[in-house]
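The block underneath contains the structure these notes are about, expressed in structure tokens.
Read the numbers this way: they start at 1 and go in the same order the structure lists the ligands and their atoms.
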Amino acid sequence: MAEKTVFTPDVKFVRELKEAGADTMKKCYQCATCSVVCQLSPDDRPFPRKEMLMAQWGLKDELVKSADIWLCHNCNDCSKYCPRGARPGDVLAILRKSVIQENAFPKFMGKIVGDPKNIWQALAIPVVFFLLVLGVTGHLGIPEGEVVFSKLFPIHYIDQIFGPLSVLAVVMFGVSISRFWKNLSEGSQMKPKAGFLPSFIETLKEIMTHSKFKKCDENQDRSIAHMLVFYGFIGLFVTTLCAILFLYGLKWESPYPVDDPDILALFGGSETMVWILKVTFKLLANVSSLALLAGGGLIIANRLKERGVDTVTSSFDWVFVGMVLLVGASGMLAQMFRVMNFPPVIAYLTYFLHLVFVFYIIIYVPYSKLAHFVYRTVAITYTKMLKRDIEV
Ligand code: SF4
Ligand code: SF4
């Protein structure tokens, strides 16, 4: 007699998915059009039809172990062709968000950051924390005289806050990703056929060129927006690392004078070389910020023009895109208010909010939309090891 496989539906999980915006999944009648139109789905056990069925049945344990949901790039070609309006592309996006929450360490942070309803709680954490730091260090109040942001928050306070918290975030993320890897290994019925390193290198190449993204038919323009945001983040990450190196390695402080004797000595006394370094650094920072803002704006424009978009479905993405724009806007406004001699209370308050938004983007990485970059890289690497993903 054939061996029986018993699935236990998780009704609570179905309810959670619906509340997160995946209620369209109940319209799916398993016609498989979505799997046929998806350019990224492999021939063997294609997605997203089977994931729609698993979501309808609340098969949480199977879904958190699935690498396939991460092979989807949310182009929504399948949603366009779905005859029932079940929006499989968006359902898969919600499943990915659930997987991030499920693997999150500690789990309550996954709930706070992962659920857009908790946005005020997520923002209250850095607000209260910063106020406590300012209170304890005697900086709670608007400094008198010319607006200089370091009078409110000395630069070494910022480093001492963001440095250890970033390390903590990396550790938390490491725990989450090791749980994810274990789940992928448990969920696979296949044995790896390729090594980790070659698969990882191939994955990086694919991600850098967005080659899979470009295969989508109907929503090609999403790849441009995604690429702008992707490279904007990388550029800002590199400039942040450079700023840390300048400050702590070279003791070269902003606004980076070109006649600094120590820096000049490093470049054989050539002011031109120091100037080129300074301009390249500033250019990279500004071009990256612009790319981030342009990509964020394009994502919003694409979302708005998408007919029949479910605002609940995309609210997780909205929160993140909104936060990226807020970081850029509050940073620029704070500088503008300072230079234009706005009342100090407005300039300092804007700067304070800027730090809160920066905290959200950096320290909440293991739980926010940004985490999907690492989860996706890990999942694609794993499927390449299994030789499951399609060739591009
Ligand atoms: S999601 Fe839509 S296209 Fe896909 S199987 Fe269900 S009804 Fe068919
Ligand atoms: S959203 Fe795009 S990549 Fe994802 S399943 Fe649908 S068609 Fe495939």
Side-chain angles (χ1 to χ4, degrees), residues 14 17-18 20-59 62-63 66-100 203 206-207 209-227 229-230 298-299 302-303 305-310 312-318 321 369 372-373 375-384 388-392:
V14 174
L17 290 178
K18 284 183 180 173
D23 53 338
T24 50
M25 69 187 182
K26 64 178 182 261
K27 297 182 186 170
C28 171
Y29 62 176
Q30 290 291 301
C31 69
T33 305
C34 49
S35 295
V36 173
V37 298
C38 177
Q39 301 281 339
L40 304 183
S41 188
D43 295 340
D44 175 35
R45 290 182 293 117
F47 62 85
R49 184 199 62 82
K50 67 179 186 313
E51 284 71 19
M52 292 298 282
L53 186 63
M54 288 155 94
Q56 283 175 324
W57 277 82
L59 303 183
E62 281 69 25
L63 284 165
S66 161
D68 282 10
I69 59 172
W70 296 92
L71 300 182
C72 160
H73 283 46
N74 201 18
C75 68
N76 261 327
D77 282 358
C78 53
S79 299
K80 289 217 178 245
Y81 287 101
C82 172
R84 296 277 296 159
R87 299 199 66 81
D90 285 337
V91 172
L92 255 60
I94 289 171
L95 291 176
R96 287 190 291 272
K97 185 189 81 152
S98 299
V99 171
I100 293 176
T203 302
E206 191 179 293
I207 289 174
T209 55
H210 276 48
S211 52
K212 285 256 172 79
F213 230 123
K214 288 178 194 156
K215 281 183 80 76
C216 299
D217 283 338
E218 297 288 328
N219 291 297
Q220 276 266 350
D221 45 356
R222 275 199 180 185
S223 78
I224 299 166
H226 198 270
M227 208 176 245
V229 171
F230 177 74
L298 264 179
I299 288 174
N302 286 340
R303 287 265 166 190
K305 83 173 181 205
E306 219 178 81
R307 271 181 302 158
V309 69
D310 182 331
V312 180
T313 300
S314 42
S315 52
F316 181 58
D317 296 6
W318 280 117
V321 173
K369 173 80 181 168
H372 90 277
F373 169 63
Y375 277 86
R376 192 188 295 286
T377 306
V378 169
I380 296 178
T381 303
Y382 191 70
T383 51
K384 283 192 187 300
R388 167 154 175 75
D389 76 320
I390 57 155
E391 297 293 325
V392 284

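A heavy-atom distance below 4.5 Å is not found between the side chains of Leu71 and Lys212. No side-chain heavy atom of Leu63 sits under 4.5 Å from any side-chain heavy atom of Val99. When side chains are defined from C-beta on, Phe47 does not count as touching Pro88, because their heavy atoms never get closer than 4.5 Å.
Every residue meeting the side-chain contact (heavy atoms from CB on, under 4.5 Å) condition with Ile207, not counting sequence neighbours, appears here in chain and number order: Thr203, Phe230, Phe373, Thr377. With sequence neighbours excluded, the residues satisfying side-chain contact (heavy atoms from CB on, under 4.5 Å) with Arg376 are Trp70, His73, Arg96, His372, Ile380.
Within the protein, the number of N/O/S atoms found under 2.8 Å from atom 2 (Fe) of ligand 2 is 1. Note on atom 6 (Fe) of ligand 1: protein N, O or S atoms under 2.8 Å away count 1, no waters included.
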Go through the steps to decide whether Asn74 and Asp90 satisfy the test side-chain contact (heavy atoms from CB on, under 4.5 Å), and finish with yes or no. CA-CA 7 Å; Asn74 201 18; Asp90 285 337; 3.8 Å; yes
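Minimum interatomic distance between Ser41 and Cys38 (heavy atoms only, all atoms of both residues): N-SG, 3.4 Å.
Using a 4.0 Å cut-off to heavy atoms of Phe47, the atoms of ligand 2 that qualify are 5 (S). Each of the following atoms of ligand 1 lies closer than 4.0 Å to a heavy atom of Pro83: 3 (S).
In this structure a side-chain-to-backbone donor-acceptor pair under 3.5 Å is present from Ser79 to Gly89.
Expressed to the nearest 0.5 Å, how far CD1 of Ile224 lies from CG of Leu298 amounts to 7.5 Å.
The pair Lys50-Asp68 meets the salt-bridge criterion, with a side-chain N (NZ, NE, NH1 or NH2) lying under 4.0 Å from an Asp/Glu carboxylate O.
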